Q: 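The following block contains the structure, expressed as structure tokens.
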Amino acid sequence: MAGEQQGVGQVEAQRAHFAEPLILRSGGVIPEYDLVYETYGTLNAARSNAILVCHALSGHHHVAGHYADQPENIGWWDNIVGPGRPLDTDRFFIVGVNNLGGCHGSTGPSTINPATGKPWGADFPIVAVIDWVKSQARLADLLGIETWAAVVGGSLGGMQALRWTITFPERVRHALVIAAAPKLSAQNIAFNDVARQAILTDPDFHGGHYYEHGTRPIRGLRLARMLGHITYLSDDQMGEKFGRELRHGSFSFDFDVEFEIESYLRYQGDKFAGYFDANTYLLMTKALDYFDPAREVNGDLVATLARSKAGFLVVSFTTDWRFSPARSKEIVHALVACGRDVSYAEIDLNFGHDSFLMADPHYHGVVGAYLAHIPL
Amino acid sequence: MTDHLSRPDFAVIAGWVEPGHRILDLGCGDGSLLKLLIATKGVRGWGIEIDDANVLAAMRQGINIIQGNLENGLAGFADRAFDLVVLSRTLQTVRHTEVVLAEMLRVGREAVVSFPNFAYWKNRQAVLNGRMPVSEDLPYEWYDSPNLRFFAIPDFEALAAKMGLDIRERRVLDEKGRLVTEEPNFLGSLAVYRLSRSR
């Protein structure tokens, strides 16, 4: 197909302002807010071809393409979005949005709190997945999208897709829930808390008001990312990629970087800490921890998902131990139990949790085949 | 792709379902049976399949396809979640025969099982001639066969009796898909059973 190699090309971020307060799951209120978003493809006359792509912990609205002035800044899921790609922009109108509390342009801890004229910092209220979904629904209203053809997401993004089907059953025709879980396990929460503790105990954190001190808790954020990164990869892949390779060929008997895996993790940590906001990281991990839509129905996932009216594609990856295939199967079995249309693919890929971002032909074939069957 | 016209057991199974029935097809391949039952009988269908290429093919047909391994049982599916659980021409490839049969009648009100009859006369003739049989319903050479179990109609019925499964209906077909009424274990190439379990 023409343009298959090209992707969506040059894109521009847009900004929407919402003046109506958003009352949050935590009881907090955001009096007004901005969401930055991008769109690819064309909304059809019937407004029936819109797909929302929800991002994971460190993602944002820049899903695909590149900016005119930043040709190297390619969207985080560019490999799946574009003409002839699984999220086919010849057929669908794709929307990517930076979630509330984020640090890529939407209102979040690093933006100015109109009440104080200073960055929100630690005063930014805790946001939950349901709050994101409600804010995304307002964006859909603004764009004239009554019903999404599909809501798509991996990891925390998949949880948003799932939440959409429960909170707005009439507004989602299909949900693609990839590398996700119906709720976090104790181990998942434990990893998140160690990451948070790294940030919270950094002397540069200043109770979350580090902006005013002209500093950032870079050491904590770096550690948080290093830890997170370990959980995104598989043991096998790490072994294949790094093994016990030494940077200088022999032991140096000190605490500098010796093993290649150390070098890799430190690089990833430094890179991330250079641009990501620590308060956003805290918020995102809490949103993950709190996610448990069945909690409001006495823990009954079947009864919870029985509210949904969507068709589902659930995808997991064999080497993902952060949100393992067994967690995806919990969702699948609950959906079957309440009689929903659901397909499930368990993709044999070696990249652990990060597999969902990879351009594997079978994985993309499954997503493309599912989406191709959605009538518009 | 399986051509359902070449699958006479599909027509038998279609005769045992009602509109709105919830059907689970185990080892559903590319989903052809479910597609047929949805189109002609208006059932709700889900299939289980282990093979990547089949999962993709079923998805291309718009069938509810759940990737998984039958040998691990149907853990996670609720008791009596389905009206009918189908195992079409797959029992002979299953290692944990009793587990799979028991699981089918745990999650389903009824089960349909079809399998090639090893005691079909042409198969007997092949063995008498000193060779393993290759036929319409046993289409593999011994070295590339997915089949692990070779059994005949009375063998299956003995197992059903041992497991306390009720045989509600049985259809035996010849190689051309015609119904066999006389000497089924001699003249029948494929057996199709409708089972339930009194509880």
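From a predicted model like this one, the values you see are computed outputs, not experimental measurements. Every heavy atom of this structure was used, including side-chain atoms; hydrogens, water molecules and symmetry mates were not.
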Q: For the interface with chain B, which of A/Ser343, A/Ala372, A/Ala369 has the highest count of heavy-atom pairs at distances below 4.5 Å?
A: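 Top count of heavy-atom pairs under 4.5 Å with chain B: A/Ser343.
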
Q: Return yes if some donor-acceptor pair links the side-chain N/O of A/Gln160 with the main-chain N/O of A/Leu156 below 3.5 Å, else return no.
A: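 Pair found, side chain donor or acceptor close to backbone of A/Leu156.
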
Q: Relative to the ring of A/Phe317, is the ring of A/Tyr363 parallel (under 30°), tilted (30 to 60°) or perpendicular (over 60°)?
A: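 A/Tyr363 and A/Phe317: perpendicular rings.
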
Q: Tell me, do B/Val94 and B/Phe115 make a side-chain contact under 4.5 Å, heavy atoms counted?
A: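 Heavy-atom side-chain distance check fails, nothing below 4.5 Å.
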
Q: At a heavy-atom separation under 4.5 Å, does B/Ile48 approach chain A through its side chain, its backbone, both, or neither?
A: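 No part of B/Ile48 comes within 4.5 Å of chain A.
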
Q: Chain B: which of A/Ile374, A/Val302, A/Val314, A/Asp341 shares the most heavy-atom pairs with it under 4.5 Å?
A: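 When all of A/Ile374, A/Val302, A/Val314, A/Asp341 are compared, A/Asp341 has the most.
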
Q: Sort A/Leu313 into side chain, backbone, both or neither according to what part of it lies under 4.5 angstrom from a heavy atom of chain B.
A: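 For A/Leu313, the side chain is the part near chain B, not the backbone.
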
Q: Indicate whether any N or O donor in one side chain lies under 3.5 Å from an N or O acceptor in the other, for A/His353 and A/Thr231.
A: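 There is no such pair (donor and acceptor under 3.5 Å, judged by atom type) between the side chains of A/His353 and A/Thr231.
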
Q: Could you tell me whether B/Glu110 and B/Arg194 make a salt bridge, using a distance below 4.0 angstrom between a side-chain N and a carboxylate O?
A: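 Counted as a salt bridge, because a side-chain N and a carboxylate O are separated by less than 4.0 Å.
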
Q: Examine whether an atom of A/Val332 lies under 4.5 Å from a heavy atom of chain B, and if so say whether it belongs to the side chain, the backbone or both; otherwise answer neither.
A: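 Side chain of A/Val332 only, per the 4.5 Å heavy-atom cut-off to chain B.
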
